[in-house]
Amino acid sequence: MTTSTFKSTGHTEGVRRPGRWLALSVLVLAVLLVAVDATVLGLATPFLSEDLEPTGTQLLWIGDVYSFVIAGLLVSMGSLGDRIGRKKLLLIGATAFGAVSVLNAYATSPETMIVARALLGVAGATLMPSTLALIRNLFHDPRERSLAIGIWGAMASAGAAVGPVVGGFLLEHFWWGSVFLINLPVMAVLVLVGVKLIPESKNPNPGPWDLPSVALSLVGMIGVVYAIKELASHGPSLDAGLAALAGAGALTWFVRRQLTLPAPLLDMRLFRHRGFSGAVLADLLTILGLSGLVFFLSQFFQLVQGRQPLEAGLAELPAAIGAVTAGLVAGVAARRFSVRSVVTAGLAAVGLSLAVLTTLDQHTGYPLLGAALLVVGVGAGFAFTVTADVILSSVPKEQAGSASAVSETAYELGAALGIAVLGSIVTGVYRGFTVPAGVPSDVASAAHESLGGAVEASASLAPQTAAALVSAGQEAFVDGLRIAAGVGAAVLLATAVAAWFLLKGQKLADGIEH
């Protein structure tokens with residue numbers, strides 16, 4: 001069923017499409033998996049480090065390149081879905097996602113793993129905007145749509161926190177590649193059920209797909225994110241400067257090109273709407289706080305506090321519970337209190353939780369950490385779900401794919417920046433630790449690459465020296481974590497203040513759309 005068909009049906013069928021909730025459950029599966037894949041590697045990192053022996057830089061790329069590629073391609077893929085059909089793009093993407101997951105599982109070198117993760121990002125970029133745009137076409141009653149977006153947002157947020165639990169279970173019973181193979185049965189169900197249940201929808205007058213814009217979007221996003229990552233890791237450098245110039249130049253050219261095209265890849269005029277821009281900013285920084293926190297604590301629980309992978313994953317479960325619960329009631333809360341109060345409160349909750357983590361040390365008890373994760377999940381669930389609803393409901397239905405892509409780009413860029421910027425602060429502080437006397441230079445070099453590397457390298461030393469090396473590394477890691485949490489807290493609290501002003505007067509739709 002196309003968009004134009006929706007318009008020509010009777011009011012009842014257009015508003016209450018049969019099977020829409022079942023169709024939503026299939027779409028949510030795709031979102032959950034893409035989000036899980038962004039964080040599942042956090043727990044697998046120590047095992048992957050031991051097997052593939054990546055350098056610290058390669059390890060960061062393995063963790064980041066998936067989100068970078070998704071962020072760079074989302075706008076292009078959202079626009080492509082508007083043109084060729086969102087259902088068609090979703091099914092192609094799901095098939096590719098399953099196939100590339102096998103390549104990830106059986107990677108034999110750091111280089112292969114980076115390429116495989118990048119290809120998985122290409123496939124993931126086809127899934128995310130398609131799912132949100134299809135929800136826009138499945139649910140015409142704004143209240144129902146708010147609940148549907150709440151479920152979608154809850155799964156997107158929860159996926160980031162569920163990843164460690166799923167990964168922990170698999171890592172205790174199988175090898176690290178198994179965290180990718182779980183994608184296969186889920187994607188098979190999505191394709192088989194989606195073919196029958198999900199209606200096709202697209203823009204009836206889309207115009208051509210502009211390939212130069214696709215290239216500019218990809219180069220611009222990856223260039224800027226790479227520059228930020230390098231700057232945070234190693235300070236100012238020629239590489240970072242050139243990447244920043246290339247990225248900023250490409251994005252400027254992209255924006256100018258969109259303003260001159262009759263059928264742009266992304267309608268930049270949407271950003272003139274204060275509420276739309278405020279929602280996108282809040283979206284991005286909410287996920288930055290959530291994903292950065294989950295990524296750090298996965299390593300903290302395992303490498304500093306010595307928990308097993310499954311135990312570490314379960315320890316992060318409060319974030320998922322909070323995100324799901326808040327996501328389901330976010331629409332109701334925003335209508336009762338106001339969009340800006342709910343989003344501002346959500347951002348402030350994430351910021352304050354990060355601020356609490358500036359008091360962290362190696363022996364911090366779980367009650368404090370669990371409470372911080374729960375509050376982060378609740379805050380992210382409220383802020384992310386309401387902003388996604390604002391973004392999607394503020395554009396005509398024909399542009400649902402492009403608007404969804406903006407929301408998703410904010411999500412993925414937030415995830416990438418959370419790991420890249422905050423993670424790079426942790427890495428930068430960590431690399432400065434003093435190695436105990438008597439440690440050979442090759443072991444010291446490996447220990448400075450990452451905390452996982454220090455634990456691995458210490459196996460070749462005498463027990464007393466090994467313990468001193470690991471202890472020094474853990475202390476440096478926690479120092480970095482505290483500084484990163486402080487930076488994250490400042491950013492989130494500042495965004496909460498900005499959201500209060502940017503989202504003034506913003507409301508969610510109430511009436512039935514025909």
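Note that this is a predicted model, so its numbers are computed, not measured.
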Inter-residue atom distance L503.CG - F276.CZ, 0.5 Å rounding: 12.5 Å
Main-chain N/O of V491 paired with T495 side-chain donor or acceptor, under 3.5 Å: yes
Check: V426 and I483 side chains under 4.5 Å, non-hydrogen atoms: no
In this structure, CG of L80 is separated from CZ of R86 (nearest 0.5 Å) by 11.0 Å
Please find the pair of heavy atoms, one from R117 and one from I62, that lie closest to each other, and give the distance. NE-O, 3.2 Å
What pair of heavy atoms forms the shortest contact from V386 to V339, and how long is it? CG1-CG1, 3.8 Å
Are the side chains of L24 and I135 in touch, meaning some heavy atoms are under 4.5 Å apart? yes
Rounded distance [0.5 Å steps], CG in L90 versus CZ in F97: 11.5 Å
Looking at A250 and L216, what are the two nearest heavy atoms and their distance? CB-O, 3.7 Å
Nearest heavy atoms of L119 and V100, plus distance in Å: CB-CG1, 3.7 Å
For the pair Y430 and F477, name the ring-plane relationship: parallel under 30°, tilted 30 to 60°, perpendicular over 60°. perpendicular
Distance, nearest 0.5 Å, that separates CG of N104 from CG of N183: 8.5 Å
Write down the atom of K87, the atom of G194, and the distance for their closest heavy-atom approach. CE-O, 3.5 Å
Residues forming a side-chain hydrogen bond (donor to acceptor under 3.5 Å, both in side chains) with S353, sequence neighbours excluded: none
Is there a side-chain contact between V343 and F382 in this structure, where contact means two heavy atoms from C-beta onward sitting under 4.5 Å apart? no
Is any side-chain heavy atom of S101 closer than 4.5 Å to a side-chain heavy atom of L120? yes
Smallest separation among heavy atoms of A227 and A240, with atom names: CB-O, 3.4 Å
With the side chain counted from C-beta on, respond yes when I182 and L170 share a heavy-atom pair under 4.5 Å apart, and no when they do not. yes
With Q258 as partner, the option from V255, T260, L261 fulfilling side-chain contact (heavy atoms from CB on, under 4.5 Å) is L261
Test item: L73 and L218 side chains (from C-beta on) under 4.5 Å apart, heavy atoms: yes
Under 6.0 Å from the CZ atom of F271, do we count more than 12 heavy atoms belonging to anything else shown? yes
From OG1 (T385) to CD1 (I151), nearest 0.5 Å: 10.5 Å
Any donor and acceptor pair, going by atom type alone, linking the side chain of T95 with main-chain N or O of L91 inside 3.5 Å? yes
Side chain to side chain, Y106 and L181, heavy atoms closer than 4.5 Å: yes
Here the gap from F384 atom CZ to L284 atom CG, rounded to the nearest 0.5 Å, amounts to 10.5 Å
